[in-house]
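Note: hydrogens, waters and symmetry copies are ignored here, and every other heavy atom, side chains too, is used.
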Amino acid sequence: VMWCFSQVKGAIDEDVAEADIISTVEFNYSGELLATGDKGGRVVIFQHEQESKNRPHLRGEYNVYSTFQSHEPEFDYLKSLEIEEKINKIRWLPQQNAAHFLLSTNDKTIKLWKISERDKRAEGYNLKDEDGRLRDPFRITSLRVPVLMPMDLMVEASPRRIFANAHTYHINSISVNSDHETYLSADDLRINLWHLEITDRSFNIVDIKPANMEELTEVITAAECHPHQCNVFVYSSSKGTIRLCDMRAAALCDRHSKFFEEPEDPSSRSFFSEIISSISDVKFSHSGRYMMTRDYLSVKVWDLNMENRPVETYQVHEYLRSKLCSLYENDCIFDKFECCWNGSDSAIMTGSYNNFFRMFDRNTRRDITLEASRESSKPRATLKPRKVSTGGKRKKDEISVDSLDFNKKILHTAWHPKDNVIAVAATNNLYIFQDKIN
């Protein structure tokens, strides 16, 4: 077994309410905090508990640190459209002081949240009593200096900035720039650049909207800033192409600097070719040398210096190629799977159906399929590799393609930036797995 992960935490709930379905998962830069967003507009932050000498085998669990309502449902009266509260993306800002900051977005509005701790409160005011009532000025005969008294730890989440009214279409991506002052937000047809301090103005840096909407052939599916060069960003399209842009070249980056596309094999062309080639996620490696893209059936790793084809291609669930017709009929073919790198860029992870998720080792080219479910993973138990049989005689431990549950899907995963700890969202359950200690 290439990776041996044991379950640290799995929040389990049988009756899934729509609002409880997890829609995004993100570790902060240190990995100390893990944020999840759900369809009900809530953000739940988990904190890594320090390892205790009494229970060294725990190696630090993640426990709930803060929960707050980030977005509420709204209604656009001009367009007669409901704007749902679902959190599409969460991105952490690098920590500059004791407080933590994160950006969260729904379809239309991005918010900057400050998460801070309070363990002291001021007492001994002059103008009000301890219960908060104002005192009669005539009763004040001496001047008191308020003092800070210890209190139970409180974690407060407060919205510091609200970035609204800049997107006509649904926001699918936000990405914090490496200058830590700006970030970009992308919807189906446009990408905007924001300054974190300025809420009433953003710069449109990509606009692919045609003059006549009937001529629309592709949409933007994901966008991300380069991890080290603040002038470089990429965005992917529903046609399976990726464009790399340099903001130094022009204020409006409609003309890309690099264009990444793999030529299509004419022999494998089918009715579904265009749908399954649509890119659902793009992620730069931590080194900034590579980027990874996820389409419906595969994960591709591209070298930024080579545009004509990816340097690595990993099949996620090739056994579904024969099932595309039924996946089209039940709309699963439009599912948007995300992908992520490990801290050293040596391994990648992405989700699949039946609560399976896949991991690929880039050095050995070995891969593994694991399952995030209460049946297969008791706390502290080692995950067993799963295999799918594609016809013929099925072995004892294998699962038939026809018995896969397409309602159980892992779209969102995250990998700790330093350690072998992963977070996997399976519908309304969050599983956290860690490297098994021998």
(message) Does any part of the side chain of Thr105, heavy atoms only, come nearer than 4.5 Å to the side chain of Ile87, both counted from C-beta?
(response)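 They are not in contact (no side-chain heavy atoms under 4.5 Å apart), so the answer is no.
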(message) Do Asp281 and Lys283 make a side-chain contact, defined as non-hydrogen atoms from C-beta onward lying under 4.5 Å apart?
(response) yes
Any side-chain to backbone donor/acceptor pair from [X] onto [Y]? Under 3.5 Å, distance only.
X: Asn204; Y: Arg190; answer: no
X: Ser277; Y: Ser273; answer: yes
X: Asp295; Y: Ser278; answer: no
X: Asn177; Y: Glu181; answer: no
X: Asn354; Y: Phe356; answer: no
X: Ser280; Y: Arg294; answer: yes
X: Lys387; Y: Ile399; answer: no
X: Ser389; Y: Glu398; answer: no

(request) Could you please spell out the steps behind the side-chain contact (heavy atoms from CB on, under 4.5 Å) verdict for Ile422 and Thr413? (result) CA-CA 7 Å; Ile422 58 170; Thr413 59; over 6 Å; no
Please determine whether a side-chain nitrogen of the Lys or Arg among [X] and [Y] lies less than 4.0 Å from a carboxylate oxygen of the Asp or Glu.
X: Arg366; Y: Asp361; value: no
X: Arg269; Y: Glu264; value: yes
X: Asp345; Y: Arg289; value: no
X: Glu338; Y: Lys89; value: yes
X: Lys209; Y: Asp207; value: no
X: Arg362; Y: Glu312; value: yes
X: Lys409; Y: Asp335; value: yes

Distance alone, cut at 3.5 Å: any donor-acceptor contact between the side chains of [X] and [Y]?
X: Asn342; Y: Ser346; answer: yes
X: Thr182; Y: Trp194; answer: no
X: Trp113; Y: Ser158; answer: no
X: Asn428; Y: Asp20; answer: no

Spacing of [X] atom [atom1] and [Y] atom [atom2] [to the nearest 0.5 Å]:
X: Asp200; Y: Arg161; atom1: CG; atom2: CZ; value: 11.0 Å
X: Ser236; Y: Glu218; atom1: OG; atom2: CD; value: 10.0 Å
X: Ser285; Y: Ile348; atom1: OG; atom2: CD1; value: 11.0 Å
X: Ile45; Y: Trp92; atom1: CD1; atom2: CH2; value: 4.0 Å
X: Met359; Y: Leu370; atom1: CE; atom2: CG; value: 6.5 Å
X: Leu404; Y: Cys332; atom1: CG; atom2: SG; value: 11.0 Å

(request) Tell me, with the steps shown, if Glu371 and Arg386 meet salt bridge (Lys or Arg N to Asp or Glu O under 4.0 Å). (result) CA-CA 7 Å; Glu371 184 180 0; Arg386 315 291 296 195; 3.2 Å; yes
(request) Measure up the Phe271 and Tyr328 rings against each other and bin them: parallel (under 30°), tilted (30 to 60°), perpendicular (over 60°). (result) perpendicular
So, for [X] and [Y], is the gap between ring centers shorter than 6.0 Å?
X: Tyr65; Y: Phe46; result: no
X: Tyr353; Y: Phe337; result: yes
X: Phe27; Y: Trp415; result: no
X: His317; Y: Tyr296; result: yes

Are there more than 12 heavy atoms of other residues, nucleotides or ligands under 6.0 Å from atom [atom1] of [X]?
X: Glu307; atom1: CD; result: yes
X: Tyr77; atom1: OH; result: no
X: Glu82; atom1: CD; result: no
X: Arg255; atom1: CZ; result: no
X: Asp179; atom1: CG; result: yes

(request) Among Lys300, Lys239, Arg309, find the one that has a salt bridge (charged side-chain N to carboxylate O under 4.0 Å, His left out) with Glu262. (result)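 Exactly one candidate clears the test, Lys300.
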(message) Under the ring-ring contact (aromatic ring centres under 6.0 Å, His included) test against His226, which residue among Tyr290, Phe233, Phe284 passes?
(response)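 Checked Tyr290, Phe233, Phe284 against His226; only one passes ring-ring contact (aromatic ring centres under 6.0 Å, His included): Phe284.
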(message) What verdict does the side-chain contact (heavy atoms from CB on, under 4.5 Å) test give for Ile220 and Leu189, after you've listed the backbone C-alpha separation in whole Å, the side-chain angles of each residue and the deciding distance to 0.1 Å?
(response) CA-CA 6 Å; Ile220 297 166; Leu189 298 178; 5.6 Å; no
(request) Begin from the C-alpha positions of Asp187 and His170 and carry the test side-chain hydrogen bond (donor to acceptor under 3.5 Å, both in side chains) through to its verdict. (result) CA-CA 5 Å; Asp187 66 23; His170 291 179; over 6 Å; no
(request) Evaluate side-chain contact (heavy atoms from CB on, under 4.5 Å) for Glu156 paired with Ile115, printing each intermediate quantity in order. (result) CA-CA 6 Å; Glu156 296 178 319; Ile115 293 96; over 6 Å; no
